[in-house]
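See structure below.
Chain naming here is simple, since letters A, B, ... match the order of the sequence lines and numbering starts at 1 in each.
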Number of protein chains: 2
Amino acid sequence: MNKQPTGPGEIGWQARKSAATRDQIISAAIRCIVDLSYSKTTMIKISEKAGLSRGATLHHFPSKMDIIRAAVEYLHEKRIQAFRRSIREIPDGADMAHLAVEAYSAHLNHPIYIALFELSVAARTDNELKEILHTAQLAFDREWYETAWDLFPEWHSDRKAFDLALNLSQQLMEGMAISNFTHARQIDKKQLLTYLEEKVRELKP
Amino acid sequence: MNKQPTGPGEIGWQARKSAATRDQIISAAIRCIVDLSYSKTTMIKISEKAGLSRGATLHHFPSKMDIIRAAVEYLHEKRIQAFRRSIREIPDGADMAHLAVEAYSAHLNHPIYIALFELSVAARTDNELKEILHTAQLAFDREWYETAWDLFPEWHSDRKAFDLALNLSQQLMEGMAISNFTHARQIDKKQLLTYLEEKVRELKP
DNA sequence: CTTGTTTCAAACAGTTATGACTTTTTTCCG
DNA sequence: CGGAAAAAAGTCATAACTGTTTGAAACAAG
């Protein structure tokens with residue numbers, strides 16, 4: 001990779017390569033989860049996608065669960081980052097309801113969400129995974145709620161209405177995202193989202 | 001089981017026993033899917049739950065997929081039956097919105113729905129399973145829509161509003177059911193359901 | 001009583017995953 | 001340049017699952 005000798009005082013010795021392959025492994029694991037499902041994600045498949053041998057992968061992560069653990073951390077970090085970015089980009093004075101709905105809608109079709117959903121479903125019947133997810137999930141939920149609260153100061157006069165609007169949006173949109181593959185019948189998403197935006201505006205104090 | 005000699009004209013010779021063990025196997029398979037997840041459902045586990053040997057199970061169903069196929073058929077049949085029964089029980093002149101919401105809510109916490117959900121998620125990355133589910137799912141969705149249409153004649157003047165109310169209810173409630181295990185934060189379900197009922201009443205022509 | 005069919009049990013071969021262990025290659029630094 | 005240490009590759013034992021095959025009961029019918 002980088003053949004320059006470690007400069008004086010430089011922290012990074014070439015464990016940067018190690019960090020880089022670690023990231024490769026985590027990224028490969030997430031792609032496996034999205035493409036193959038959690039249960040079909042094996043060390044072999046991860047190694048193949050990462051372009052490494054099994055031994056190399058096992059050198060960085062002693063067991064499969066260690067990879068999953070790292071992947072969950074990575075996913076939640078990225079998810080919060082993406083959430084913050086998407087709402088920071090909303091211009092002042094814009095149609096907040098519409099843009100916020102749009103933003104969360106886009107998020108729900110992103111691989112990050114799909115991977116986390118796949119893991120959440122698998123966790124229903126896997127206690128070890130459930131425990132790994134629980135901490136990160138709790139942190140995300142709190143972060144999500146507080147970021148939204150800060151973002152919409154005009155709701156501060158009515159916390160109940162705020163909770164209702166937030167929950168309504170979240171639950172409905174997640175239901176819609178998931179129904180993509182739990183239902184054969186195609187629904188009119190646009191109609192539903194427009195209606196949702198309307199109701200959110202109505203709820204605003 | 002029944003040692004009486006096959007009576008004259010009687011259809012059922014002791015293939016009734018066969019049918020009974022077939023049902024046992026299907027039931028055991030569904031319990032496995034709910035308790036262990038689709039991917040951890042193996043012939044061995046199914047046989048154990050059914051109280052049979054692997055050979056016996058394999059005699060009735062040549063392969064695992066044949067069991068799954070039968071289970072999917074069984075689940076959709078039961079689901080439609082349960083749906084029809086629950087709405088037939090709604091008394092005339094009652095608060096339809098409330099009772100219908102209540103009924104679908106109950107359904108979403110029933111093992112039948114959990115099993116189908118588990119299978120639907122697994123089907124995302126399993127083409128064989130996807131194909132098995134697709135037909136039955138299509139039939140259920142149509143049945144569901146038409147039963148609802150027949151049940152609420154007062155909406156017949158406005159099909160658009162009907163679709164909106166139906167989709168809103170379905171997507172929101174499914175989102176809520178699923179968020180039980182995808183979110184750590186507990187939401188106020190009662191508030192959301194009450195709001196939903198109110199909106200459904202508003203939409204009624 | 002015997003013959004053939006249906007139900008169930010058990011043993012077997014083939015495949016695939018995991019994780020421990022060993023060996024080779026690469027990289028760093030004196 | 002040369003040795004130490006980390007990274008990567010390869011090997012192995014073990015375990016689990018699938019589906020085939022073989023064998024043994026139960027039972028109806030000739």
For a quick test of your reading: what N or O donor-acceptor pairs under 3.5 Å do the side chains of residues 64-75 of chain A make, sequence neighbours left out?
from     : atom 1 : to       : atom 2 : distance (Å)
Lys64(A) : NZ     : Thr41(A) : O      : 2.9
Asp66(A) : OD2    : Ser63(A) : N      : 3.1
Asp66(A) : OD2    : Ser63(A) : OG     : 3.2

When you compare the protein's N or O atoms with those of nucleotides 15-22 of chain D, which come within less than 3.5 Å of each other, and at what distance?
from    : atom 1 : to       : atom 2 : distance (Å)
dT18(D) : OP1    : Lys64(B) : NZ     : 3.4
dT18(D) : OP2    : Met43(B) : N      : 3.0
dG19(D) : OP2    : Lys64(B) : N      : 3.4

- request: Could you state the atom-to-atom distance from CG of Leu36(A) to C1' of dT16(C) in whole Å?
  value: 15 Å

Residue His59(A), side-chain atoms from C-beta onward, closest of dA9(D), dC8(C), dA7(D): dA7(D)

task: Please state whether the phosphate of dC8(C), meaning OP1 or OP2, lies under 4.0 angstrom from any side-chain nitrogen or oxygen of Thr57(B).
output: no

message: Phe83(B): which residues meet the ring pair (Phe, Tyr, Trp, His ring centres under 6.0 Å) condition with it, sequence neighbours left out?
response: Trp144(B)

d(CD1, Ile68(A); P, dA17(C)) in whole Å: 15 Å

message: Measuring to OP1 and OP2 of dC8(C), would you say a side-chain N or O of Thr21(B) lies under 4.0 angstrom away?
response: yes

Set of ring pair (Phe, Tyr, Trp, His ring centres under 6.0 Å) partners for His156(B), sequence neighbours left out: Trp149(B)

Between C1' of dA6(D) and CZ of Arg22(A), the distance in whole Å: 15 Å

Which side-chain N or O atoms in residues 103-111 of chain A pair as donor and acceptor under 3.5 Å with protein atoms at least two apart or in another chain?
from      : atom 1 : to        : atom 2 : distance (Å)
Tyr104(A) : OH     : Glu174(A) : OE2    : 2.6
His107(A) : NE2    : Arg79(A)  : NE     : 2.9
Asn109(A) : ND2    : Ser105(A) : O      : 3.3
His110(A) : ND1    : Ile112(A) : N      : 3.0

field: Contact under 4.0 Å: His60(A) side-chain N or O vs dA8(D) OP1/OP2
entry: yes

message: Rounded to whole Å, please give me the gap between CZ in Phe61(A) and C1' in dT18(C).
response: 17 Å

field: Distance in angstrom units between Leu52(A) CG and dT25(C) P, rounded
entry: 17 Å

- request: Run the numbers on Arg85(B) and Glu89(B) for salt bridge (charged side-chain N to carboxylate O under 4.0 Å, His left out), then give the verdict.
  value: CA-CA 6 Å; Arg85(B) 194 181 331 117; Glu89(B) 280 169 0; 5.5 Å; no

Inter- and intrachain pairs under salt bridge (Lys or Arg N to Asp or Glu O under 4.0 Å), touching residues 25-40 of chain A, at least two apart: Asp35(A)-Lys49(A)

